[in-house]
Amino acid sequence: MYTNLLTELKGSNFWISINRADKMNALNIDTLREIKLAVMEANANAEVRVIFLTGIGQKAFAAGADIAEFASFGVAEGTKMAADGHAVMNSIEQSPKPVIALVNGFTLGGGCELAMSCHVRIASENARFGQPEVNLGLIPGYGGTQRLCQIIGKGKALELLLSGDAIKADQALALGLVNQVVPIENLYEAGEVFASKLNSKSPVAISRVIECVNAGYAFDQDGFQKEIDAFGESFGTEDFKEGTQAFLQKRTADFKGK
Ligand code: COA
């Protein structure tokens, strides 16, 4: 079904793997389009609770946008490329089901922007992060100038954006760019362990947390008001009744996501 991705449903986790290992999983336009479709597919499947995004192989999560593809672009094509890329990243960030990036090597340029659009990032020890676009006479075009500041703060973000330097996984952890660093052979397992925590929670509550957090970073929304509304609406859900009853009855909640 997908040309540049491998997808698989394992239990309640939907795996999306970028499958261009010979090109360091570089994100050509088709691959980005397919990632958006795969995230939509996962969100439409009621069995799915968590979405994993990773790269095939042990060298790269994604080494950026496909330089060979865009090298001949002009201004109009460049603008369209960025606008389309932003739409892909937004669709991941706004996914009601949590998207976990399992970062397995070079995570540069658009690859770093892709990882930053995910809700959680778990990295292998060999992962390298950076926004090297300035080396190409470019700037990040898939949200990197914004999300890097949001995640690690303006000062360090400017250092990375201006220098184009790549940082190692332990530095990314210290900056809060990733949530966890593990040996590469444990990467999938670490993702599954984290996902199993999320799988036991209320899917409605999980999606509302994502919505409220995103609202705080959207200039046309009031995140605090969003939280008041979403908190109130939670009282009308079956998951709320189940969660509170389970607590009072001293049993494990069985959330249906309704
Ligand atoms: N776009 C297109 N092709 C890419 C790519 C990208 N962003 N990154 C790597 N590739 C390709 C290489 O051209 C090469 O293809 P080839 O075998 O047909 O020549 C293949 O992937 C392997 O890459 P190579 O450079 O030989 O591997 P390496 O281990 O020596 O270096 C990197 C790995 C990631 C450091 C290096 O490939 C690199 O700097 N990539 C570009 C990073 C970048 O600037 N990203 C931002 C783009 S906006």
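Ligands are counted one by one from 1 in listed order, and the atoms in each one are counted from 1 as well. The model shown is predicted, which means the values in this text are computed figures rather than measured ones.
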Check your understanding: Side chain or backbone of D22 under 4.0 Å from ligand 1, or both, or neither, by non-hydrogen atoms?
Key ->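 Under 4.0 Å from ligand 1, D22 contributes backbone atoms alone.
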Exercise for review: With salt bridge (charged side-chain N to carboxylate O under 4.0 Å, His left out) as the test, would you mind laying out the steps for D229 and K226 before giving the verdict?
Suggested key: CA-CA 5 Å; D229 296 341; K226 183 77 166 178; over 6 Å; no
Exercise for review: With rounding to the nearest 0.5 Å, note down the distance linking CG in N25 to CG in D66.
Suggested key: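 CG of D66 is found 11.0 Å from CG of N25.
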Point to revise | NE2 on H119 to NZ on K97, rounded to 0.5 Å | key: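 Reported to 0.5 Å precision, the distance equals 13.0 Å.
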What are the two closest heavy atoms between [X] and [Y], and how far apart are they?
X    : Y    : answer
M89  : Y142 : CG-O, 3.4 Å
M116 : R147 : O-CD, 3.7 Å
F255 : P203 : CB-CD, 3.9 Å
V48  : A42  : CB-O, 3.5 Å

**Study point:** Top protein contact for atom 1 (N) of ligand 1, by heavy-atom distance
**Key:**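 Protein heavy atom with the smallest distance to atom 1 (N) of ligand 1: I67 N, 2.9 Å.
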**Study point:** Heavy atom of the protein closest to atom 28 (P) of ligand 1 (residue, atom name, distance)
**Key:**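 Heavy-atom neighbour on the protein nearest atom 28 (P) of ligand 1: M24 CE, 4.0 Å.
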Considering all protein heavy atoms, does one lie under 4.0 Å from [atom]?
atom                    : result
atom 26 (O) of ligand 1 : no
atom 30 (O) of ligand 1 : no
atom 38 (C) of ligand 1 : no
atom 34 (C) of ligand 1 : yes
atom 19 (O) of ligand 1 : no
atom 13 (O) of ligand 1 : no

Practice item. State whether the shortest distance between N or O atoms of L136 and N or O atoms of ligand 1 falls below 3.5 angstrom. Key: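 No, no N or O pair falls under 3.5 Å.
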Review point. Taking distance alone, with no angle check, do K23 and ligand 1 share an N/O pair under 3.5 Å?
Key: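 Yes; at least one N/O pair falls below 3.5 Å.
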Practice item. May I ask you to test the I210-P96 pair for a side-chain heavy-atom distance under 4.5 Å? Key: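 Of all side-chain heavy-atom pairs linking P96 with I210, none is under 4.5 Å.
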Point to revise | Numbering as shown, the atoms of ligand 1 that approach D66 to under 4.0 Å (heavy-atom distance) | key: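 Numbered from 1, ligand 1 contributes 1 (N), 2 (C).
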Exercise for review: Under 4.0 Å from a heavy atom of P132: give me the atoms of ligand 1 that qualify, with their elements.
Suggested key: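 In order of numbering, the contacting atoms are 43 (C), 44 (O), 45 (N), 46 (C).
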Practice item. In sequence, state the C-alpha distance, the side-chain angles, and the governing distance for I29 and E69, and then conclude on side-chain contact (heavy atoms from CB on, under 4.5 Å). Key: CA-CA 8 Å; I29 286 165; E69 184 178 60; 3.4 Å; yes
Closest to [atom] (judged by heavy-atom distance), picking from [options]:
atom                    : options             : answer
atom 5 (C) of ligand 1  : A26, G105, G144     : A26
atom 7 (N) of ligand 1  : G111, A60, A65      : A65
atom 43 (C) of ligand 1 : A63, G109, G64, A21 : A63

Exercise for review: Tell me, yes or no, whether the heavy-atom count around Q146 atom CD, taken from other residues, nucleotides or ligands under 6.0 Å, exceeds 12.
Suggested key: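 No, the 6.0 Å shell around CD holds no more than 12 heavy atoms from other groups.
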